[in-house]
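On a predicted model such as this, the values are computed, not experimentally measured, just so you know.
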Amino acid sequence: MSINCAAVDRLIDSMSFTQKVGQLNQRLLGWKSVERNAAGRLVASDELKQEIDRWGGLGTLYGLLRADPWSGQHWGNGIRPEERTEAIAVVQQTVLERGAHGIGVLLSEEAPHGHQALGGTVLPTNLGLGATFDPQGVQEAEAAVAAELAASGIHIALVSGLDIARDPRWGRCEECFGEDPLMAARMCEAIVTGMQGEHRSKVGHGGVAVVLKHLAAQGEAVGGRNGQSALLGPHDLHEIHLPPVAAGVRAGALGFMAAYNDIDSVPCCANPWLLKDYLRDQLGFDGIVMADGLAVDRLEDMAGSIPAAGRAALLAGVDVSLWDEGFTRLEEYADDEQVVAAVDTALRRVLELKAMFGLLPEDGADTAAIAMPSADAIAQATADGREQAKRMAREAITLINDGQSAATLDDIRSVIADAQAGPVIVAGPFADDFGCFLGDYTAPLPADEQSSVYRQLVARLGEDRVLLVAKPSDAPADQWARASTVVFVCGSTSERSYDSEFDDNGAAKAVTEYGATCGEGVDLSDIRLPWRQDDMLGEVAALTTAPIVSVAVCGRAHVLTDVLERSAVTIWAGYAGQYGPQAVADVLVDGADMSGRLPVTLPAYPAAIPVRYNDRQSAAHVYKDAAEPILRGFGYGAGSLAAVTFSEMHADTQSHPGEVLVQVTAHADDHGAAGAVNLFAHVSGGRRIPRLAMLVDSVYMDLNAGERRDIAFHVPCDRLRDVGDGQVQVTCTLDGDSTHTVTATLPGEY
């Protein structure tokens, strides 16, 4: 829908200062805006009515459909999929009836890896999606999620994507696409294009507006402590943390969320350089900036008071608040010319976004004519989302160890397929667990959609063949002796229980002994597998001679040194989403390929961190007690592309001005292969200490059996050197394989 600027101007002129401030607020928790009457029907709550009356309307409503332990919404009391239309209608009609200007309310929902609502699609978390190295696949998956949101009457999707995993102690690593800025940038572009369409073509037409979070450098927080200071210079800020931001703007993102952390003492949601000079003036961003939940109020110590905190955030460039009191106190600055002007600027952005969704009254109308959700459209979009979730779960599975002992994965598959072989024992703390695959920010799924690795293997092999052993001592020695294979499911979980304690922003506050070990609020000082899982695996290895397949379900770069040493095969599954257990069984029983690659570096020791592939100095042979601190490097994957051979690699610096063209020929074996081929570069000759390596391009390919294909990597020169440098030598390496390396020299001018 086109924006009628004159109509927006008239609305702004007709509003009181209080009404304007109300349009910038997103204070009310959406699930508190409706309740059930005696007949069980959804009706507007008094809290919703009071909020509308206070402001003469409502700007944005957060989380109307959200369900999880923090909100307290579940299948017994939350809004079910078939009730979404009713809930949306109740809220919008109440806002139109009680509001002063006939303006509808923007509805925002969490969608960091699918829609966080009852019945919503659950994709792999970003760390799992990052393992696919498949931006096109992510774009298609996010388009399906957006279709579900739009069909449900939602306008804004709050989507993680900007954060870079720089320290595995940080509990929110699962929300990152990995440790590399280029891949994160491409994934952010995929999110925006998938959800909004090319050039925002789907916004208001089957798509939603994306608010990318979190801006910026949250993954750089000291010690991996959530929301704390990021200590880094401007060069690293631009090179590591801002590329996804720039990519989001190029793709047309309509929103960004300012993060909790500060950068060199300046809080992100009160940083005019970040939110104005860089985001708007340099990149040309024209959408809304939203503060993270209660982030404005956290400025109180800096600003001196809650009202001053609201003023500081507004003047720095925040347009829309989230749950805080600071923006509600902007009324106190009605005589402050700076605040009045900034409120009008932010209001215009909010109203222009509302116009895209038909939430403003058209000329001559008293109220907006808001289209209500369609149950059929919701059902179709949800079904499409499920298919995308299945596909992305399969792509996320990554083989990081094969044939450590005499048995290879192919050998183990043959044994599993042999009905006459001994039992398959499924062990480990997550052997019969479903929630471990889901990640944080996930609504509960109905019981009939829940599964586990154990249940999936039973479904394929039968109850007589598959044994569940919660603890090694639960099975007698003769069962361990007869076992043909052991599948050990280990790792971590972000699953919250409904009796968990939470901070006021929804982050985990207190975690039980066997509760969440990852996710927001669960930063760890020790990144070994929790609950002495290494010891448990050692007990298993001592009880059996059967080959062990370990499945690591992880939301961060846990230390898996003992796991690799004791397992014939190790599979890394990230948090693969609701179809993660099926994807693991597909690999073990059905012989499915694994195209995933590690999106983070796996450390070999718990204290030799952080280690990143693109650090400037190697950590090898620095620690006298941990000479080789890296267990598996970024981009490692021993799956379907391992059998592809490469030849005829060469670099061309002449044919395409401003870029290096690297070409190589790929040749698949008689099995075929799919996955990403990555090109890394090391640069020398500049003014700074070079990074050990940089991912400079990645091409996802699908090769048929025996197929030969030429692959071209296009590497912009400005990614390889500082402006103003003289000659720069670039060494390009294919997926860390020193046998496929070319060197090129860039001239001083281009």
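By the salt bridge (Lys or Arg N to Asp or Glu O under 4.0 Å) test, Asp526 is found to be paired with Arg528, residues two or more places apart in sequence or in another chain being considered. Arg54 is linked by a salt bridge (Lys or Arg N to Asp or Glu O under 4.0 Å) to nothing, counting only residues two or more places apart in sequence or in another chain. Taking the salt bridge (Lys or Arg N to Asp or Glu O under 4.0 Å) definition, one finds that Arg27 meets it with Glu51, Glu325, sequence neighbours left out. Applying the salt bridge (Lys or Arg N to Asp or Glu O under 4.0 Å) criterion to Glu97, with sequence neighbours excluded, gives no partner residue. Residues satisfying the side chain to side chain contact (heavy atoms under 4.5 Å, CB included) test with Pro69, not counting sequence neighbours, are Arg496, Tyr498, Phe502. Scored by the side chain to side chain contact (heavy atoms under 4.5 Å, CB included) test, Ala313 finds Val296, Leu299, Val318, Phe327 as partners (sequence neighbours excluded).
A salt bridge does not link Arg691 to Glu179: none of the charged side-chain nitrogens sits closer than 4.0 Å to a carboxylate oxygen. The pair Arg612-Asp180 does not meet the salt-bridge criterion, since no charged nitrogen lies less than 4.0 angstrom from a carboxylate oxygen. Taking the charged nitrogens against the carboxylate oxygens, Asp163 and Arg172 have no contact shorter than 4.0 Å, which rules out a salt bridge.
In this structure, the side chain of Thr367 does not engage the main chain of Gly102 through any donor-acceptor pair within 3.5 Å. Remark: side-chain polar atoms of Arg298 are not paired, donor with acceptor, to backbone N or O of Ala309 under 3.5 angstrom. Proximity of a side-chain donor or acceptor of Asp615 to a complementary backbone N or O of Gln617 within less than 3.5 Å is not detected. Judged by distance alone, the side chain of Tyr575 and the main-chain N or O of Asn126 form no donor-acceptor pair under 3.5 Å.
Sorted by first and then second residue, the salt bridge (Lys or Arg N to Asp or Glu O under 4.0 Å) pairs involving residues 282-292 (not counting sequence neighbours) are Arg200-Asp286. The ring-ring contact (aromatic ring centres under 6.0 Å, His included) contacts involving residues 11-35 comprise Trp31-Trp70, where partners must be two or more places apart or lie in separate chains. Residue pairs meeting the ring-ring contact (aromatic ring centres under 6.0 Å, His included) criterion with at least one partner in residues 279-313, sequence neighbours excluded, are Phe256-Phe285. For the salt bridge (Lys or Arg N to Asp or Glu O under 4.0 Å) condition, no pair includes a residue of residues 252-277, sequence neighbours left out. Applying the ring-ring contact (aromatic ring centres under 6.0 Å, His included) definition to pairs two or more places apart or across chains, none involves residues 164-204. Here salt bridge (Lys or Arg N to Asp or Glu O under 4.0 Å) pairs that include residues 217-230, with residues two or more places apart or in two chains, are Arg166-Glu220.
Within a 6.0 Å sphere centred on CG of Asp281, other residues, nucleotides and ligands contribute more than 12 heavy atoms.
Going from atom OG of Ser71 over to atom CG of Leu29 covers 9.0 Å, rounded to the nearest 0.5 Å. The line from CG of Asn226 to CG of Asn505 is 8.0 Å long, rounded to the nearest 0.5 Å.
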